[in-house]
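Let me begin by presenting the structure, written as structure tokens, before commenting on it.
The chains referred to below are lettered A, B, ... by the order of the sequence lines, with proteins before strands, and numbering in each begins at 1.
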Protein chains: 2
Amino acid sequence: MGRAASDKRERLVAAAARVLHEQGVEKTTLADIAKAAGVPVGNVYYYFKTKDQLVEAAIDAHAEGLRGLTTALDAHGGPTERLKALVAGWVDQRELAARFGCPFGSLASELDKRDDGLDRAAAHVMEELISWAEKQFREMGHDTDARELAIALVASYQGAALLTNTLRDPDVMWTQGQRITAWIDSLADHRAEEVSA
Amino acid sequence: MGRAASDKRERLVAAAARVLHEQGVEKTTLADIAKAAGVPVGNVYYYFKTKDQLVEAAIDAHAEGLRGLTTALDAHGGPTERLKALVAGWVDQRELAARFGCPFGSLASELDKRDDGLDRAAAHVMEELISWAEKQFREMGHDTDARELAIALVASYQGAALLTNTLRDPDVMWTQGQRITAWIDSLADHRAEEVSA
DNA sequence: GTCTATACGGCGATAGAC
DNA sequence: GTCTATCGCCGTATAGAC
């Protein structure tokens with residue numbers, strides 16, 4: 001595989017991730033993606049055998065982006081700061097969420113209607129996010145309910161993103177982000193209180 | 001319009017609401033809905049001019065179902081009990097949520113990708129739910145932040161439903177329902193504490 | 001490797017018999 | 001009012017020229 005080939009493939013995947021977010025999986029045609037990537041329609045099949053494979057590549061791109069984010073967060077601060085930074089990143093994307101919802105959540109929601117492997121691929125990415133958050137809560141001293149808290153965190157965000165989108169109001173995400181941040185802070189006291197007690 | 005006509009119309013709408021939830025809007029064909037309703041395919045157009053009008057009728061059915069639920073809840077107990085009963089109802093549907101997500105949330109999420117009026121129709125139903133919850137919080141003495149709390153409640157549920165669906169695990173909804181219920185209880189103390197203080 | 005032209009199937013919607 | 005047959009479009013996927 002040559003250099004130019006990889007370049008077009010990357011452009012297709014990047015365009016797919018963006019357009020699938022904006023339009024949804026079922027409404028998006030290969031022509032839409034090809035046009036956004038600046039690639040002739042029929043040529044898509046040189047890089048991807050089916051539309052589903054292109055969707056899967058877009059999911060993988062989300063997975064890599066998530067890994068890049070969590071790796072960057074792992075480099076600085078403590079678990080509480082890392083979780084709050086995660087939320088802050090979500091709040092920063094509130095304008096996008098108001099227009100199209102959470103880039104990955106709306107994708108997962110749509111893929112969940114399917115029986116093929118694509119729904120499980122999306123589930124795996126979501127699981128990675130939850131696991132990372134779970135690890136942070138465990139570091140904060142929440143040994144027994146770390147996973148429950150991680151799910152509560154991600155659920156709060158996903159629900160806030162859905163309402164932000166449905167109500168077309170970025171302020172919803174901002175307000176809920178404040179709530180979630182305060183909630184994380186209240187959990188940060190957990191170990192400190194036990195230690196000082 | 002005769003009796004038989006209304007009957008078929010109702011069957012079509014009921015089938016549409018169910019199949020749209022299970023398969024999603026874009027993946028569902030008129031043939032799927034007609035088959036589920038026991039009505040010949042082409043005959044659908046006697047009752048609905050377009051597919052979108054049938055989807056809109058399904059949204060209206062959700063709206064009426066919601067109104068029936070809130071009306072029933074209004075008849076008993078105080079605002080705290082009503083909100084907890086609402087959550088309990090969601091938890092009871094956790095098996096369905098694990099398979100297909102929240103019946104209305106997944107619909108709203110998909111319709112949000114569209115420009116036509118259907119997305120606003122879904123938004124209106126979501127707004128009704130939020131407004132009802134807001135009223136309950138206001139009755140509980142949360143005058144200033146009732147709407148913020150109502151959005152937090154609905155968002156928590158919608159996010160929990162999304163993760164329940166993605167992870168294919170009804171226990172997620174059960175656990176998060178417990179959390180939300182405890183949270184409502186903690187808010188119920190609000191006015192009592194202020195009064196007793 | 002890249003792109004054009006086209007085959008093929010499916011779905012929304014219509015026409016018209018009964 | 002009810003149902004069948006069918007049209008026309010569009011989207012995926014393929015064949016094959018360059």
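- Two residues are said to be in side-chain contact when any heavy atoms from C-beta on lie closer than 4.5 Å; Leu129(B) and Val125(B) fail this criterion.
- Salt bridge annotation for Arg114(A)-Asp52(A): present, with a cationic side-chain nitrogen under 4.0 angstrom from a carboxylate oxygen.
- Distance Arg9(B) CZ to dT2(D) C1': 17 Å, rounded to the nearest Å.
- Glu95(A) pairs by the side-chain contact (heavy atoms from CB on, under 4.5 Å) definition with Pro170(A), not counting sequence neighbours.
- Salt bridge annotation for Arg120(A)-Asp112(A): absent, with no cationic side-chain nitrogen under 4.0 angstrom from a carboxylate oxygen.
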Report task. Check the pair Lys113(A) / Ser106(B) against side-chain hydrogen bond (donor to acceptor under 3.5 Å, both in side chains), numbers first and verdict last. Result -> CA-CA 9 Å; Lys113(A) 304 288 182 193; Ser106(B) 59; 3.2 Å; yes
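- Summarising the geometry, the separation between NZ on Lys35(A) and P on dC3(C) is reported as 17 Å, rounded to the nearest angstrom.
- The separation between Gln23(A) atom CD and dG11(D) atom P is 11 Å, rounded to whole Å.
- Under 4.0 angstrom from either OP1 or OP2 of dC3(C) there lies at least one side-chain N or O belonging to Lys8(A).
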Polar pairs (N or O, both sides) under 3.5 Å between protein and nucleotides 12-16 of chain C?
unit_1	atom_1	unit_2	atom_2	d
dG12(C)	OP1	Lys51(B)	NZ	3.2
dG12(C)	OP2	Leu30(B)	N	3.0
dA13(C)	OP2	Tyr45(B)	OH	3.3
dA13(C)	OP2	Lys51(B)	N	3.0

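- Distance CG (Leu12(B)) to P (dC3(D)): 11 Å, rounded to an integer number of Å.
- Regarding contacts with the backbone of dG1(C), a side-chain N or O of Tyr46(A) is found under 4.0 angstrom from either OP1 or OP2.
- His21(B) and Phe100(B) have perpendicular rings, their planes meeting at more than 60° on a 0 to 90° scale where under 30° would count as parallel.
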